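The next block holds one structure in the form of structure tokens; read it before the comments.
Treat the numbers as computed from the prediction; the structure is a model and nothing was measured.
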Amino acid sequence: IGLWKFCPLDQMSSNTGKDVLLERVGNAGVITLNRPKILNALSLDMIRQIYPQLKKWEKDSETDIVIIKGTGDRAFCAGGDIRYAGKVGDPLTQDLFREEYTLNNAIGTFKKPYVALISGITMGAGFGLSVHGQFRVATEKTLFAMPETAIGLFPDVGGGYFLPRLQGKLGLFLALTGFRLRGRDVQRAGVATHFVESEKLGALEKDLVELKSPSVSDVAQVLNTYQGQTLAKMSPTSLKLTFRQMQMGAGMSLQEVFVMEYRLSQACMRGSDFYEGVRAVIIDKDQNPKWKPSTLAEVTEQLVEESFRSLGDRDLRL
């Protein structure tokens with residue numbers, strides 16, 4: 001479940017109907033988890049509002065896409081909010097799990113594009129509201145975990161389906177340890193499908209709600225335009241040198257690698273990209289280096305070969 005919040009039912013009544021906002025914006029149905037003071041924790045009342053609306057939007061010809069997000073910068077949804085619990089066999093907990101899992105399944109089988117903007121803390125119930133949809137967008141503020149084993153539970157809300165399908169044994173590790181993934185690592189792990197800087201989420205949402213009858217590929221294309229391709233920011237020369245370094249290093253001894261890397265270091269010192277990179281990232285901090293050559297195509301094979309060539313008497317001796 002993630003975050004557990006215990007409080008009497010009468011304290012929650014004044015917020016009924018405001019804890020989750022369900023709106024039509026453009027061509028989209030937008031779900032906003034609206035409890036920022038308790039990290040947008042998911043309650044049974046919220047589940048009972050979201051589920052029927054999701055089913056209506058699925059059939060509504062004027063709703064082409066669904067977007068779910070959280071209010072505030074701190075959390076998408078930090079987990080489930082059990083408002084009244086503590087008694088073994090309490091029917092409320094039976095209803096909560098039954099209805100929450102039913103909602104999770106509705107998301108997993110939703111017939112239209114479903115986009116979860118998982119900026120901030122995303123745990124437990126937040127996992128269930130996001131990972132079963134086609135698209136999960138992480139930001140640098142995303143913190144993901146399934147911490148249930150620390151509170152005597154297990155990674156539920158479909159964790160038994162999603163986590164074992166992550167690469168290798170990563171899902172098992174996350175399930176047993178509650179280990180926290182942050183930022184880009186949420187995408188690298190396969191929990192998020194895309195990574196977008198948080199400052200761009202407003203513009204992304206605007207573009208998404210304006211899509212008319214989009215296919216899954218149409219939505220993916222929009223998300224891809226917002227997702228920085230990290231390699232495009234790097235020095236083309238450094239990329240080619242690093243690619244060759246990794247290929248050659250796999251078959252070298254440690255000492256042979258140091259000899260190779262000394263040759264590369266001297267090649268970089270002869271060029272201009274290292275000095276330009278230091279200027280752009282460390283000195284002027286404009287983050288806008290002017291690489292020479294400026295594209296991978298312009299980095300010739302001759303330049304790469306020369307960078308790995310023996311320095312003769314100046315080679316490193318170990």
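Ion pairing of Lys240 with Glu301 is absent here, as no side-chain N (NZ or NE/NH1/NH2) approaches a carboxylate O to less than 4.0 Å. Taking the charged nitrogens against the carboxylate oxygens, Asp185 and Arg182 have no contact shorter than 4.0 Å, which rules out a salt bridge. Remark: Arg48 engages Glu99 in a salt bridge, criterion side-chain N to carboxylate O under 4.0 Å. The pair Glu205-Lys69 meets the salt-bridge criterion, with a side-chain N (NZ, NE, NH1 or NH2) lying under 4.0 Å from an Asp/Glu carboxylate O. With respect to Glu305 and Arg309, no salt bridge is recorded, no charged nitrogen being found less than 4.0 Å from a carboxylate O. Contact check on Asp95 versus Arg98 returns a salt bridge, with a Lys/Arg side-chain nitrogen under 4.0 Å from an Asp/Glu carboxylate oxygen. Looking at Arg263 and Asp315, a side-chain N of the basic residue comes within less than 4.0 Å of a carboxylate O on the acidic one, giving a salt bridge.
By the neighbour-count criterion of 12 heavy atoms within 6.0 Å, atom CZ of Arg244 is densely surrounded, having more than that number from other residues, nucleotides or ligands. Within 6.0 Å of CZ in Arg74 there are 12 or fewer heavy atoms belonging to other residues, nucleotides or ligands. For Phe308, the CZ atom is densely surrounded, since the number of other residues' heavy atoms within 6.0 Å is greater than 12. The environment of NZ in Lys111 is sparse: at most 12 heavy-atom neighbours from other residues, nucleotides or ligands sit within 6.0 Å. Other residues, nucleotides and ligands contribute at most 12 non-hydrogen atoms within 6.0 Å of the CZ atom of Phe258.
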Between Val137 and Ile118, is the side chain to side chain contact (heavy atoms under 4.5 Å, CB included) condition met? List the steps.
CA-CA 6 Å; Val137 181; Ile118 56 172; 5.7 Å; no
Determine, stepwise, if the pair Met46 / Asn34 fulfils side chain to side chain contact (heavy atoms under 4.5 Å, CB included).
CA-CA 10 Å; Met46 294 164 70; Asn34 192 37; over 6 Å; no
One pair to check against ring-ring contact (aromatic ring centres under 6.0 Å, His included): Phe135 and Tyr114. What are the steps and the verdict?
CA-CA 6 Å; Phe135 301 103; Tyr114 182 96; 9.7 Å; no
Chi angles and distances behind the side chain to side chain donor-acceptor pair (under 3.5 Å) call for Glu298, Ser294
CA-CA 7 Å; Glu298 293 176 281; Ser294 60; 3.0 Å; yes
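Once rounded to the nearest 0.5 Å, the distance linking NZ of Lys200 with OH of Tyr226 reads 9.0 Å. To the nearest 0.5 Å, the span separating CG on Leu318 from CG on Leu254 amounts to 8.5 Å. Atoms CZ and OH, on Arg317 and Tyr262 in that order, are 11.0 Å from each other to the nearest 0.5 Å. For the atom pair CD1 (Ile68) and SG (Cys77), the distance works out to 8.0 Å, reported to the nearest 0.5 Å. In this structure, CG in Leu96 is found 11.5 Å from CG in Asp45, a value given to the nearest 0.5 Å. Taking OG of Ser119 as the start and CG of Asp73 as the end, the distance is 7.0 Å to the nearest 0.5 Å.
Side-chain contact check for Val66 versus Pro113: every heavy-atom pair is 4.5 Å or farther apart. Under the 4.5 Å side-chain criterion, counting only non-hydrogen atoms from C-beta, Lys112 is not in contact with Ile65. The closest side-chain heavy-atom distance from Lys141 to Leu143 is not below 4.5 Å. Two residues are said to be in side-chain contact when any heavy atoms from C-beta on lie closer than 4.5 Å; Leu21 and Ile31 fail this criterion. Residues Asp60 and Arg24 have side chains in contact (heavy-atom distance under 4.5 Å, counting atoms from C-beta outward). Trp57 is listed as a side-chain neighbour of Leu22, based on a closest heavy-atom distance under 4.5 Å.
Minimum interatomic distance between His194 and Gln187 (heavy atoms only, all atoms of both residues): CA-NE2, 3.7 Å. Taking every heavy atom of both residues into account, Met146 and Leu163 meet most closely at CG-CD1, 4.5 Å. When all heavy atoms are compared, the tightest approach of Gly190 to Phe162 is O-CZ, 3.6 Å. Among all heavy-atom pairs drawn from Lys292 and Thr237, the shortest one is O-OG1, 4.2 Å. Contact detail for Val281 and Gln287: the closest heavy-atom pair is O-NE2, 3.7 Å. Asn288 and Glu276 make their closest contact through O-OE2, 4.2 Å (heavy atoms, listed as atom of the first residue, atom of the second, distance).
Side-chain N/O atoms of Asp218 and Ser215 include a donor and acceptor closer than 3.5 Å. With 3.5 Å as the limit, one finds no donor-acceptor pair spanning the side chains of Glu100 and Asn104. Side chain to side chain, Glu140 and Ser198 meet the donor-acceptor criterion of an N or O pair below 3.5 Å. A donor and an acceptor atom, one from each side chain of Asp81 and Ser43, are nowhere located under 3.5 Å apart. Of the N and O atoms on the side chains of Gln221 and Thr225, not one donor lies less than 3.5 Å from an acceptor on the other residue. Neither side chain, Gln53 nor Gln49, offers a donor N or O lying under 3.5 Å from an acceptor on the other.
Hydrophobic clustering of Ile, Leu, Val, Met, Phe, Trp and Tyr side chains at less than 4.5 Å, counting indirect connections, keeps Leu176 apart from Phe144. Cluster membership check: Leu264 does not share its hydrophobic cluster with Trp291, using side-chain heavy-atom separations under 4.5 Å among Ile, Leu, Val, Met, Phe, Trp and Tyr. Both Met248 and Val257 are part of a single hydrophobic cluster, where members link through side-chain heavy atoms under 4.5 Å apart. The cluster map of Ile, Leu, Val, Met, Phe, Trp and Tyr, joined by side-chain heavy atoms under 4.5 Å apart, puts Met260 and Phe274 in different clusters. If you chain together hydrophobic residues whose side chains sit under 4.5 Å apart, Leu241 and Val259 never meet in one group.
Proximity of a side-chain donor or acceptor of Asp284 to a complementary backbone N or O of Asp286 within less than 3.5 Å is not detected.
The side-chain contact (heavy atoms from CB on, under 4.5 Å) test with Leu211 is passed by exactly one of Asp64, Val219, Asn27: Val219.
Using cut-offs of 30° and 60° on the angle between ring planes, the pair Phe179 and Phe173 is tilted.
Cation-pi geometry between Arg165 and Tyr161 is met: under 6.0 angstrom from the ring centre, within 45 degrees of the axis.
As a member of the Ile/Leu/Val/Met/Phe/Trp/Tyr network built from side-chain separations under 4.5 Å, Met246 groups with nothing else and remains a singleton.
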